[in-house]
Every structure is written in C-alpha cells, then in structure tokens.
2 protein chains.
Amino acid sequence: MQIPVKSADAVGKIVRASRKAQNIRQDDAAGSIGVSENFLGKIERGGESVQWGKLFQVLDGLGIRVVLDVPESVADHISQQHKSQAKS
Amino acid sequence: MQIPVKSADAVGKIVRASRKAQNIRQDDAAGSIGVSENFLGKIERGGESVQWGKLFQVLDGLGIRVVLDVPESVADHISQQHKSQAKS
DNA sequence: TAGAAATCCTCACAATCATGAGGATTTCAC
DNA sequence: GTGAAATCCTCATGATTGTGAGGATTTCTA
C-alpha cells in the first residue's frame, strides 16, 4: 500500500507501524539495521533532524520502499541527463 | 510519474531534474525554498548526510511528492495506532 | 492492579552539518 | 573556440547529530 508523506515527521508513524507489524522490538530492529536504538526511537517519534542516509537505511531495513512522484516533464529530464552522460 | 528510490543518493538526480524541468537556477531555487545553495548542490550531487527535514523541505519546494510503499499489514497497524490513540 | 518489558529521555562526547563567502571548475549558448 | 553563467569545492564557524550509557516513564500482559 502506498502512503503519501505529507510532512517530514509523518515518516515516524510508518516506521513504527512497520516494525510492530513484524513483531520486532526497537533495540533488535536497530541492531540488525545497524543504527542505535536511540536513533530508531527518534525516527519513530517523528524526528526531522535525522540524517537522510541513515533514515533510508532504516526504511530499507524494515522493507519500506521509497517512491518519488514527479510530473512527466521531470521524468523526461532524467532521461536527458542519462543521455547527455552517455555522450560524454 | 512514480520513481522508486533504490538508494539514498538516488534522490539527487531527481531533485536536479525537477529543478531543471522548471528552468530554475540552483541559487534561486535554494533561496525560495529557504536553504543554502551549498545545501541544494550537495543534495543534487547525491549527498546522503543531509538532514531529512531539510531534504523534505526541498522536495516539497520543488513539487516532488514522497510516497512510502508498505505491505497491507503495516497499513493495518497504522490504523490500529490511530484507534488506540483515540481511546486514550 | 502489578510488575516485567519496552520505550523515552538526558547526558557527554566526538564527529559532523548548514551556512555564507570566495575562488576553481564546468557548462553551454553563441 | 570563447567567455559569461552556473555549479562545484574549500574554508571557518557555530550549531547539531549519532552513539552508548543509564535512569525515568510508559506500556501491556497476566
């Protein structure tokens, strides 16, 4: 199921729900993902001042996929970037 | 169009493509979003060690929507969290 | 309700980050 | 190819973050 993220802090609820759906404790999840329990707790409580790379690590570790929704015109630009790179 | 984010650094290309699709310069976009040009440049180059809250600000400012994809079981847990909160 | 378990919170600390300035490098229209 | 414009990179600085430890508080099962 796809859940739109309306605000930076909204990720927390989804992370916690994911963890609980898998019946994992915070400290166990943190351990297997490779972050501190403190950090995972902060994310779940809606912390915004967390490092994106580590947040992504947590999302990935809990099987949460991240999707960015953009207009078609943007997708075109991504293709162009790829093409211009291939030229050089 | 929905673009799956496979790695934390993949966000950068999408951010840059979005900005260019709107024909905005880096410093202008940064200014109107409320972050430094340096920061926006870092994101676009794939920086992972950026603050999630500020990254979300940039995504929002460029009209990029964030979506999290989870199993239905997780969605159920989110509803439960909401219900248990309503009880107390 | 009791109490064990889970989570939250504070602390200290070393590492790191966002900013703004300024110069180096790259891009791209002509 | 040229050169103006855009972007990248480094620096210094004050602010901030992730970690681990330990205690406070909350949760939830029996």
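Every heavy atom of this structure was used, including side-chain atoms; hydrogens, water molecules and symmetry mates were not. Keep in mind the model is a prediction, meaning the values are calculated, not measured.
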### Query
Are any of Lys54(A)'s side-chain N or O atoms less than 4.0 Å away from OP1 or OP2 of dG18(D)?
no
### Task
Can you tell me the distance, in whole Å, between the CH2 atom of Trp52(B) and the P atom of dG18(D)?
14 Å
### Query
Separation of Glu48(B) atom CD from dC17(C) atom P, in whole Å?
11 Å
### Task
Take the protein atom CG of Leu40(B) and the nucleotide atom P of dA6(D), then report the distance between them rounded to whole Å.
14 Å
#### Entry: Which nucleotide in dA18(C), dT7(D), dT7(C) has an atom nearest any side-chain atom of Phe39(B)
dA18(C)
### Query
Are the side chain of Arg16(B) and the backbone N or O of Gly12(B) linked by a donor-acceptor pair below 3.5 Å?
no
### Message
Hydrogens and angles aside, do Asn38(A) and Ser36(A) bring a side-chain donor and acceptor to less than 3.5 Å of each other?
### Response
no
### Message
Does dT7(D) have its OP1 or OP2 closer than 4.0 Å to a side-chain nitrogen or oxygen of Arg45(B)?
### Response
no
#### Entry: Test log, rule salt bridge (charged side-chain N to carboxylate O under 4.0 Å, His left out), inputs Arg19(B) and Glu44(B)
CA-CA 10 Å; Arg19(B) 179 176 60 79; Glu44(B) 294 192 356; 2.6 Å; yes
### Task
Report the residue (Ile24(A) or Gln51(B)) whose heavy-atom-nearest nucleotide on DNA chain C is the more 5′ of the two.
Ile24(A)
### Query
Nearest-Å distance, CD (Glu44(A)) to C1' (dC8(C))?
11 Å
### Query
Between dC8(D) and Gln26(B), is there an OP1 or OP2 to side-chain N/O distance shorter than 4.0 Å?
yes
### Task
Round to the nearest Å and state the distance from Lys42(A) atom NZ to dG20(D) atom C1'.
15 Å
### OP1 or OP2 of dC17(C) under 4.0 Å from side-chain N/O of Ser49(B)
yes
### Task
Return no unless some side-chain N or O of Arg16(A) is found under 4.0 Å from OP1 or OP2 of dA6(C).
no
### Message
Main chain of Leu55(B), side chain of Trp52(A): is a donor-acceptor contact present, judged purely on distance under 3.5 Å?
### Response
no
### Message
Among dG18(D), dA6(D), dA18(C), which nucleotide has an atom closest to any side-chain atom of Val50(A)?
### Response
dG18(D)
#### Entry: Side-chain (Gln22(B)) to main-chain (Leu62(B)) donor-acceptor, under 3.5 angstrom
yes
### Residue-phosphate contact under 4.0 Å: Arg25(B) side-chain N/O, dC28(C) OP1/OP2
no
### Query
For the base of dG18(D), is there a side-chain donor-acceptor partner from Asn38(A) under 3.5 Å away?
no
## Note on the structure
Out of dT7(D), dG18(D), dA18(C), minimum distance to the side chain of Ser36(B) belongs to dA18(C)
